[in-house]
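First the structure, in the form of structure tokens, and then the observations on it.
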Amino acid sequence: MGGPWSVPIMNGLIFRMRHADRPISYLFSKTQGKFPKGGPVTIPIVPSGGVRSGSDVIQYMMMGGDAVQVCAQVILEGVQVAGRIQKEMGDWMTRKGYSKIDDFRGTARLLEAPQAASIPQWLPVVDKAKCTGCERCVKACPNVALSLHDKKAQLDERFCEGCRTCFYVCPVNAISLSE
Ligand code: SF4
Ligand code: SF4
């Protein structure tokens, strides 16, 4: 289930699909390491998850998305959500001086934040005694860093980015976070 929490995750995924020098570990693991040689993804990317406002759509476009999918917000607000989002995007584009989406599509860049080194890097720790093998964390991990072994969740630290999604979805609190 998408939501506001998924926007930064999707932003990272779209960005890395459009930039071959930042291979996305999810695709990397799914293709047995063959992905980075293929270069950036050139087919249309249609992100979904957490799209509630013009700001969300603009972020996905700046990362390199071609269109977006809106689902939950249509259920909550009705089909008029499309008009509201369009107006919010139009207002923002007017303020910024853009006349069309292609003027800012794919313009996001990585900044080397000087404070990044001080941000804690969390890694999930699975309490195997508590783990029921329900696989929720395995399915929720955006980087395929978790898999089931002997019916218990197991982490592959090479792929984990510390997003904490697994921590939040585990129904029996079998996952804790260690620094
Ligand atoms: S914190 Fe959990 S969900 Fe996030 S990348 Fe690591 S294993 Fe996957
Ligand atoms: S969500 Fe929790 S109980 Fe389910 S497999 Fe993952 S760690 Fe185990």
Side-chain angles (χ1 to χ4, degrees), residues 1-41 43 45-53 55-57 59-65 68-73 106 108-179:
M1 178 66 75
W5 60 270
S6 56
V7 174
I9 294 173
M10 284 303 296
N11 278 337
L13 296 178
I14 303 164
F15 183 88
R16 280 170 287 175
M17 279 192 274
R18 287 292 189 220
H19 296 77
D21 58 327
R22 302 262 174 184
I24 167 175
S25 51
Y26 170 77
L27 291 176
F28 187 80
S29 65
K30 282 286 185 192
T31 56
Q32 287 82 46
K34 293 179 187 152
F35 171 72
K37 291 177 188 158
V41 172
I43 58 174
I45 296 175
V46 183
S48 68
V51 177
R52 300 180 302 162
S53 67
S55 168
D56 298 323
V57 180
Q59 288 182 58
Y60 285 168
M61 297 295 109
M62 291 184 76
M63 295 295 159
V68 297
Q69 174 184 293
V70 187
C71 180
Q73 199 61 31
R109 293 289 175 268
L110 280 185
L111 294 178
E112 297 301 332
Q115 72 274 26
S118 64
I119 297 173
Q121 297 297 309
W122 300 96
L123 279 179
V125 177
V126 179
D127 182 337
K128 296 202 170 170
K130 286 186 183 174
C131 176
T132 63
C134 73
E135 235 177 342
R136 281 197 198 181
C137 60
V138 174
K139 291 175 180 168
C141 175
N143 291 313
V144 194
L146 289 158
S147 55
L148 275 197
H149 290 271
D150 297 327
K151 298 184 181 172
K152 304 289 178 185
Q154 184 170 302
L155 175 72
D156 186 334
E157 293 186 11
R158 293 174 303 162
F159 298 132
C160 178
E161 295 186 331
C163 70
R164 311 184 193 194
T165 304
C166 54
F167 169 77
Y168 289 114
V169 301
C170 179
V172 294
N173 297 324
I175 295 180
S176 56
L177 298 167
S178 76
E179 205 171 334

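Counting starts at 1 for both ligands and their atoms, following the listed order. What you see below is based on every heavy atom in this structure, not just the backbone, and it leaves out hydrogens, waters and symmetry mates. What you are looking at is a predicted structure, and each value in this text was computed from that prediction instead of being measured.
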At under 4.0 Å between heavy atoms, is it the side chain or the backbone of Val169 that contacts ligand 2, or both, or neither?
neither

Under 4.0 Å from one or more heavy atoms of Cys137, ligand 2 contributes atoms 1 (S), 5 (S), 6 (Fe), 7 (S)

For a quick test of reading the model, state the closest non-hydrogen atom pair linking Ile14 to Gly65 and the distance between them.
CG2-N, 3.7 Å

Contact atoms of ligand 2, heavy-atom distance to Glu135 under 4.0 Å
4 (Fe), 5 (S)

Measuring from Phe167:CZ to Leu123:CG, what's the distance to the nearest 0.5 Å?
13.5 Å

Thr132 heavy atoms within 4.0 Å reach ligand 2 at atoms 3 (S), 8 (Fe)

Answer with side chain, backbone, both or neither: which part of Lys152 has a heavy atom less than 4.0 angstrom from an atom of ligand 2?
neither

The closest protein heavy-atom partner of atom 6 (Fe) of ligand 1 is Cys160 SG, 2.3 Å

Roughly how far, to the nearest 0.5 Å, is NZ of Lys128 from NE2 of His149?
8.0 Å

Take Met61 and Val68, measure what side chain to side chain contact (heavy atoms under 4.5 Å, CB included) needs, and give me the verdict at the end.
CA-CA 9 Å; Met61 297 295 109; Val68 297; 3.8 Å; yes

Where is the nearest protein heavy atom to atom 1 (S) of ligand 1: which residue, which atom, and how far?
Arg164 N, 3.3 Å

Quick one: look up the protein heavy atom nearest atom 5 (S) of ligand 1 and list residue, atom name and how far away it is.
Glu161 N, 3.4 Å

Short version for Cys166: what comes under 4.0 Å of ligand 2, heavy atoms counted, is neither

Number the atoms of ligand 2 from 1 as they appear, then name those within less than 4.0 Å of a heavy atom of Val172, with their elements.
3 (S)

Compare all side-chain heavy atoms of Cys71 with those of Ser48 and state whether any distance is below 4.5 angstrom.
no

I need the Met10 CE to Asp56 CG distance, nearest 0.5 Å.
11.5 Å

Can you tell me how far CG of Leu177 sits from OH of Tyr168, rounded to the nearest 0.5 angstrom?
7.5 Å

Within 4.0 Å of some non-hydrogen atom of Ile175, the atoms of ligand 2 are 7 (S)

Considering only non-hydrogen protein atoms, determine which one is nearest to atom 2 (Fe) of ligand 2 and report residue, atom name and distance to 0.1 Å.
Cys170 SG, 2.4 Å

Taking both backbone and side chain into account, is any N, O or S atom of Cys134 nearer than 2.8 Å to atom 4 (Fe) of ligand 2?
yes

If every non-hydrogen atom of Pro124 is compared with every non-hydrogen atom of Ile175, which pair is closest and at what distance?
CB-CG2, 3.6 Å

The atoms of ligand 1 lying under 4.0 Å from a heavy atom of Ala145, numbered in the order shown, are 7 (S)

OH/Tyr60 to CD/Gln69 distance, rounded to the nearest 0.5 angstrom?
10.5 Å

Any atoms of ligand 2 less than 4.0 Å from a non-hydrogen atom of Pro171? List them with their elements.
1 (S)

Close-contact set for ligand 1 against Leu146 heavy atoms, below 4.0 Å
7 (S)

What protein heavy atom sits nearest atom 4 (Fe) of ligand 1, and how far off is it?
Cys163 SG, 2.3 Å

Less than 4.0 Å between a side-chain N and a carboxylate O, is that true for Asp150 and Lys152?
no

Report the nearest protein non-hydrogen atom to atom 8 (Fe) of ligand 1: residue, atom name, distance rounded to 0.1 Å.
Cys141 SG, 2.3 Å

Which atoms form the tightest heavy-atom contact between Leu146 and Cys166, and what is the distance?
CD1-CB, 3.5 Å

Interatomic distance, Cys137 atom SG to Leu155 atom CG [nearest 0.5 angstrom]:
9.5 Å

Report the part of Leu155 in contact with ligand 1, treating N, CA, C, O as backbone and CB onward as side chain, heavy atoms under 4.0 Å; options are side chain, backbone, both, neither.
side chain

